[in-house]
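Since the structure comes first, as structure tokens, the remarks are kept for the end.
Predicted model only: the values in this text are computed from it and were never measured. Letters A, B, ... are given to chains in the order of the sequence lines, protein chains preceding strands, and every chain is numbered from 1.
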Amino acid sequence: MPDRFADKLLRWYDQHGRHDLPWHHNRNAYRVWVSEIMLQQTQVTTVIPYFEAFMARFPDVHALASAPVDDVLGHWSGLGYYARARNLHKAAKQVVDEFGGEFPADQKQLENLTGIGRSTAAAIVAQAFEKRATILDGNVKRVLARYHAVPGWPGQAAVLNQLWEHAESHTPEARIKDYTQAIMDLGAMVCTRSKPGCEACPLNDGCLAYARDEIRLYPGSKPKREKPEKTTWMLILEDAEGRILMERRPPSGIWGGLWSLPELDPAYGSDELQDACARELGLNCHSPEPISGFRHTFSHYHLHIQPVRLPVAGNTQVGDSDRLRWLHREEALSLGLPAPIRTLLTEPEQATLL
DNA sequence: GACTCGTGGTA
DNA sequence: TTACCAAGAGT
């Protein structure tokens, strides 16, 4: 049974909530879906320009389903978590092939689409179809962990299940679209991770953590783990015409499906790179010109990227395959590149010669 | 259940 | 400079 929680929250939302985000206009299941996928683990201010460009290029599910995956990845370049883009493209085809281009209004059917989980399916049902459904994203987890003083890290299944139960219990029948936006807005604008605005919170009188003055204890933090250090050679192979050899990365793993620079095993020493290049890529290269490396931090490890210039002598047999392409710098930059590779190609002064 | 998957903001 | 983490989902 819905409680006063939703009423207080909605009253606050009417005055202080965000009513003007890009995906609030021309609202339909497609736009809600794309926004929800982009917003996974990604902040609103980062998403907005990507969303606008994506909608201009892929205005509906048919445009997305019929587009080349490279085009989709290109519009995702710099946003991160690129499996989202591959899954988005795959799911668009599913919607066209299995549902005639119309998104199902059922949460379970939505969850069968690639890349749509429980919370995202609920968000689409609530926001696009205005049917009662319960979301549980990072904002809601934080609000509810504090409101009910739920101990533990939400990554633990037991903790997560408790939060889902609380979330279900507060979900109202009426104004579901607004409620869904409201509880996310409260988490993003008031019940923030650091320096929450408890004095201005519409729910502070029922908040258990606030009553105990223990806001900082919730939600529980993730257990720390050591981040391993990894190293890789990134080859800048430039031919006589100034073209650079680009390589498509494998579909899974880091930067899956994106175009990047060819890599060699870090076990090779600098003096072995020229031979390794000939053996593994069939290229006749000049001697390597080391460039100062840089460290890039991922969620689970640090990667020391060691770029190396290896000018290529004469014609080469490599290239124009599905995996390897010789491209001018501008052509390469039009592909979906990982952020550090884009930086390496656009700001070579960042990687100056040793 | 543990692990993987990016990037930019923030303290 | 570094650690933490945000509109999660797939393997």
OP1 or OP2 of dC3(B) sitting under 4.0 Å from any side-chain N/O of Arg225(A)? yes
How is Arg142(A) classified with respect to the nucleic acid when contacts are heavy atoms under 4.0 Å: base, sugar-phosphate, or nothing? sugar-phosphate
So, Arg249(A) and Glu263(A), do they make that salt bridge, N to O below 4.0 Å? yes
Which part of the nucleic acid, if any, lies within reach of Trp23(A) when heavy atoms closer than 4.0 Å are counted: base, sugar-phosphate only, or nothing? base
Under 4.0 angstrom, heavy atoms only, what part of the nucleic acid is Lys224(A) near: base, sugar-phosphate, or nothing? sugar-phosphate
dA9(C) P sits how many Å from Ile135(A) CD1, rounded? 11 Å
Residues Lys93(A), Asp97(A): salt bridge by 4.0 Å N-O rule: no
Mind calculating the distance between CD (Gln40(A)) and C1' (dA6(C)) to the nearest angstrom? 12 Å
Heavy-atom nearest nucleotide on DNA chain C taken for Ile116(A) and for Ser35(A); more 5' hit belongs to Ser35(A)
How many whole angstroms separate atom NZ of Lys222(A) from atom C1' of dA3(C)? 11 Å
Would you mind reading off the distance between Leu136(A) atom CG and dA6(C) atom P, rounded to a whole angstrom? 12 Å
Pairing donors with acceptors under 3.5 angstrom, does anything connect the side chains of Gln181(A) and His24(A)? yes
Between Phe298(A) (CZ) and dG8(B) (P), how many Å, whole number? 12 Å
For the residue pair Asn139(A) / Arg142(A), report whether a side-chain donor-acceptor contact shorter than 3.5 Å exists. yes
Hey, is the side chain of Gln41(A) poking within less than 4.0 Å of OP1 or OP2 on dG8(C), counting only N and O atoms? yes
Looking across every strand, which nucleic acid part, if any, lies under 4.0 Å from Thr120(A) by heavy atom: base, sugar-phosphate, or nothing? sugar-phosphate
Contact class for Thr42(A) (heavy atom, under 4.0 Å): base, sugar-phosphate, or nothing? base
Quick one: closest heavy-atom pair of Tyr179(A) and Leu10(A), and the distance? N-CD2, 3.7 Å
It should be established whether His302(A) places a side-chain nitrogen or oxygen under 4.0 Å from OP1 or OP2 of nucleotide dT2(C). no
Just to be sure I understand the rule, does Pro340(A) reach a base, reach only the sugar-phosphate, or reach nothing, if contact means heavy atoms closer than 4.0 Å? sugar-phosphate
Are side-chain N/O atoms of Asp20(A) and His25(A) paired as donor and acceptor at under 3.5 Å? yes
Rounding to an integer number of Å, can you tell me how far Asn87(A) CG sits from dG8(C) P? 16 Å
Think Tyr82(A) has a side-chain N or O under 4.0 angstrom from the OP1 or OP2 of dT7(B)? yes
Does Gly155(A) reach a base, just sugar-phosphate, or nothing at all? Heavy atoms under 4.0 Å. nothing
To the nearest Å, give me how far apart CH2 (Trp255(A)) and P (dC5(B)) are. 11 Å
Taking atom C1' of dG8(C) as reference, at what distance in whole Å does atom CG of Leu88(A) sit? 14 Å
With sugar-phosphate meaning primed atoms plus P, OP1 and OP2, does Gln181(A) contact a base, only sugar-phosphate, or nothing at under 4.0 Å between heavy atoms? base
Determine the contact category for Gly187(A): base if any of its heavy atoms lies under 4.0 Å from a base atom, sugar-phosphate if only primed atoms, P, OP1 or OP2 are that close, otherwise nothing. nothing
For Thr297(A), answer base if it contacts any base atom (sugar-phosphate contacts may also be present), sugar-phosphate if it contacts only those atoms, and nothing otherwise; contact means non-hydrogen atoms under 4.0 Å. base
Using a 4.0 Å heavy-atom cut-off, does Leu258(A) contact any base of the nucleic acid, only the sugar-phosphate backbone, or nothing at all? nothing
